There are 2 protein chains.
Amino acid sequence: MTITIYDVAREANVSMATVSRVVNGNQNVKPATRQKVLAVIERLDYRPNAVARGLASKKTKTVGVIIPDISNVFYAELVRGIEDIATMYRYNIILTNSDQQADKEVQLLSTLFSKQVDGIVMMSDEVTKDMLSEMERSSVPIVLAGTVETSESFPSVNIEYHDAAVDAVNRLIQNGHTRIAFVSGNMDSTIDRVYKRSGYEKALKEANIEIDDNLIVGVDNTYDDGLAAWEELGQLNNPPTAFFAGNDEIAIGLIHGAQDSGLNVPNDIEVISFENSKLARMVRPQLTSVVLPLYDIGAVSMRLLTKFMNKEKIDEQIVVLPYRIEERDSVK
Amino acid sequence: MTITIYDVAREANVSMATVSRVVNGNQNVKPATRQKVLAVIERLDYRPNAVARGLASKKTKTVGVIIPDISNVFYAELVRGIEDIATMYRYNIILTNSDQQADKEVQLLSTLFSKQVDGIVMMSDEVTKDMLSEMERSSVPIVLAGTVETSESFPSVNIEYHDAAVDAVNRLIQNGHTRIAFVSGNMDSTIDRVYKRSGYEKALKEANIEIDDNLIVGVDNTYDDGLAAWEELGQLNNPPTAFFAGNDEIAIGLIHGAQDSGLNVPNDIEVISFENSKLARMVRPQLTSVVLPLYDIGAVSMRLLTKFMNKEKIDEQIVVLPYRIEERDSVK
DNA sequence: TTGAAAGCGCTAACAG
DNA sequence: CTGTTAGCGCTTTCAA
């Protein structure tokens, strides 16, 4: 039924080893035989079976990707970066969604290992002990994309979240605000809970602004959470006049909450975000935001992974990409 | 180094067939031996090699997914639907982006076949002859998700795009508009070029409104294209007062274009969209839109694919899902 | 430059 | 209920 390397060998009067050589571009084949084999391959419409190849060579040319949720633009952008570089190096991608559940992440690692992926790119809010031990159970290279693991025992690609948060909040302080809220995403995220928050607090301290825990809200990462955070913070006796939002959806929720209350952004309220997805330009006012280069983080992670898979020399396994603030209209 | 089924068999004093049976949950194993084998598996930390299994069984438990671009919410939502059902049936997904290029789609089909996927879910703007012949080269089941192929020779999951377009345009007509523009996405898309357009024209004809080709614009699918379409149509001597947009990004571009010109939506201009992504609620005014159930289309497609892969009986291989219009604030 | 042969790790009859 | 034995389709020494 399915035609195999063996059929080609027979038809071309060569051994299967020779067919294998031409299929794999091995130079040790006489041009004439190569032509002959190629002709038969064409005629028989032969296609190598990648599974058999994977079993024999112990390389599958596929990498696993674990992210929280592909339907979120945030992660989708990252995956596109990964995929583009993967394609460039002739890898395919097995995509999996963890929904941020640690047990699911452990299980996904396990099934990816069993599928014999050559490497894994993973993004996770928090790398737990269980995950770490699962990750160490295999010698398959893993790179962490946009995720912080404090022991730094795995390669990773990130930006300086703390510094970026300091800059963002300073941008608000320099406009005279003293009541600045931090509407974080999920506080289960190491980046939000530790790095962005510490940046927020540092900026305030340096400006001698007292930290008010009422102004720190950890919700989830959606538009509705931004809306809800606005409701909550608006109730305060002394409500905030500026917001440092954990991501674009939250920022947009905050802005619409303010606008729906009849306030003007940026005249009455200022908002700075942390993401700069496509959404940032798709609102009025457009978002001023820290640029989190998700696509690049994905691309660089995948590139780094290829180096591990090819056993190339690695200069630095902890890579830190630059960030900047894109000035638009939600901050004066 | 890596531990195999053979190691387990030896340690447990059984044959590898028995180990295989317990690993695969075959009932024909005495409970006592099962326990014994399980214990050894645990002790040795054995994990089945899915590649070897795939070669032997000719089933890889992975399906291929071909979409235009994962970084577009539109497709990302679809993929999430596919992935959820795939996970439910213990399949993994190889995700590939075609960027709408026919040659790339052909090539992706080919590499997916060589990786021995058990099935494929594909979304494409237009199914070309080349693609069709590539699709027929293999007996691997393929289902088309949210894509129309006129000969209906492949299973597919869609909605009635034509009817939906009629309803959408009627919604505008019933508000008294006679200058209604159709800002389509890419006219390379069969759905846009044929179905939505014919729906648009039918609605106008039935209302005795003359079709003005100047009001039909086929751009691309992005926010910026919506903005650009506004510029173009605004130049007209007799500009449109209502818009039927091909998708949410275009609709939002149109709305912002109008607003930036000092117009009010929906009082001066009305806009109806065709998608209803998360974005629809994330603008002011919120979008009135035909609901294109992308997640469901993905989920149903994958479910249908499992039926083919399991050789279950298929009632109807052309499935048509219901649609509705979500009334919000961009239409009065 | 080419071929022979031994696996890769597992499933699936088949026999007992 | 369990074991034996062929493969699955390819890569990869090793010889020639």
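Chain letters run A, B, ... following the sequence lines, proteins first and then strands; every chain starts at 1. As the structure is a computational prediction, the values presented were derived from the model and not from experiment.
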If I take atom [atom1] from residue [X] and atom [atom2] from residue [Y], how far apart are they, to the nearest 0.5 angstrom?
X      : Y      : atom1 : atom2 : answer
A:K115 : B:R47  : NZ    : CZ    : 14.5 Å
A:S301 : A:I120 : OG    : CD1   : 13.5 Å
A:Q100 : A:D220 : CD    : CG    : 8.0 Å
A:E136 : A:L109 : CD    : CG    : 11.5 Å
B:L112 : B:D118 : CG    : CG    : 11.0 Å

Send over the distance from [X] [atom1] to [N] [atom2], rounded to a whole Å.
X     : N      : atom1 : atom2 : answer
B:Q35 : D:dC1  : CD    : P     : 14 Å
A:R53 : D:dC8  : CZ    : P     : 18 Å
B:D7  : C:dC8  : CG    : C1'   : 13 Å
B:L55 : C:dA12 : CG    : C1'   : 13 Å
B:K58 : D:dC10 : NZ    : P     : 10 Å
B:I3  : C:dG9  : CD1   : P     : 10 Å
A:I5  : D:dC8  : CD1   : C1'   : 14 Å
A:Y6  : C:dA5  : OH    : C1'   : 12 Å

Quick one: is [X] getting a side-chain N or O under 4.0 Å of the [N] phosphate, OP1 or OP2?
X     : N      : value
A:S15 : C:dG3  : yes
A:T2  : D:dG9  : yes
A:S20 : D:dC10 : no

I want to check something: taking the side chain as every heavy atom from C-beta on, are B:S124 and B:I66 in contact at a cut-off of under 4.5 Å?
no
Does [X] reach the main-chain N or O of [Y] with its side chain, forming a donor-acceptor pair under 3.5 Å?
X     : Y     : value
B:D7  : B:T4  : yes
B:T87 : B:E83 : yes
B:N72 : B:F74 : yes

Exactly one of A:L108, A:D69, A:D125 clears side chain to side chain contact (heavy atoms under 4.5 Å, CB included) with A:S98, and that residue is A:L108
With a 4.0 Å cut-off, would you call B:R80 and B:E77 a salt bridge?
no
So, are A:D296 and A:R303 salt-bridged, with charged N and O less than 4.0 Å apart?
no
Got a list of protein N/O to nucleotides 14-16 of chain D N/O distances below 3.5 Å?
none

Within the structure shown, what part of the strands sits under 4.0 Å from A:T4 by heavy-atom distance: base, sugar-phosphate, or nothing?
sugar-phosphate
Using a 4.0 Å heavy-atom cut-off across all strands, classify B:V14 as base, sugar-phosphate, or nothing.
sugar-phosphate
If each of B:M16 and B:S57 is mapped to the nucleotide of DNA chain D with the nearest heavy atom, which maps nearer the 5' terminus, i.e. the 5' end?
B:M16
With the threshold set at under 4.0 Å for non-hydrogen atoms, list the residues of residues 39-50 of chain A touching DNA chain C in residue-number order.
none
Output the residues of residues 23-33 of chain A in contact with DNA chain C, where contact means a heavy atom of the residue under 4.0 Å from an atom of the strand; sort by number or write none.
A:N28, A:V29, A:K30, A:T33
Side-chain atoms of B:A17 come closest, of C:dC10, C:dA12, D:dT11, to C:dA12
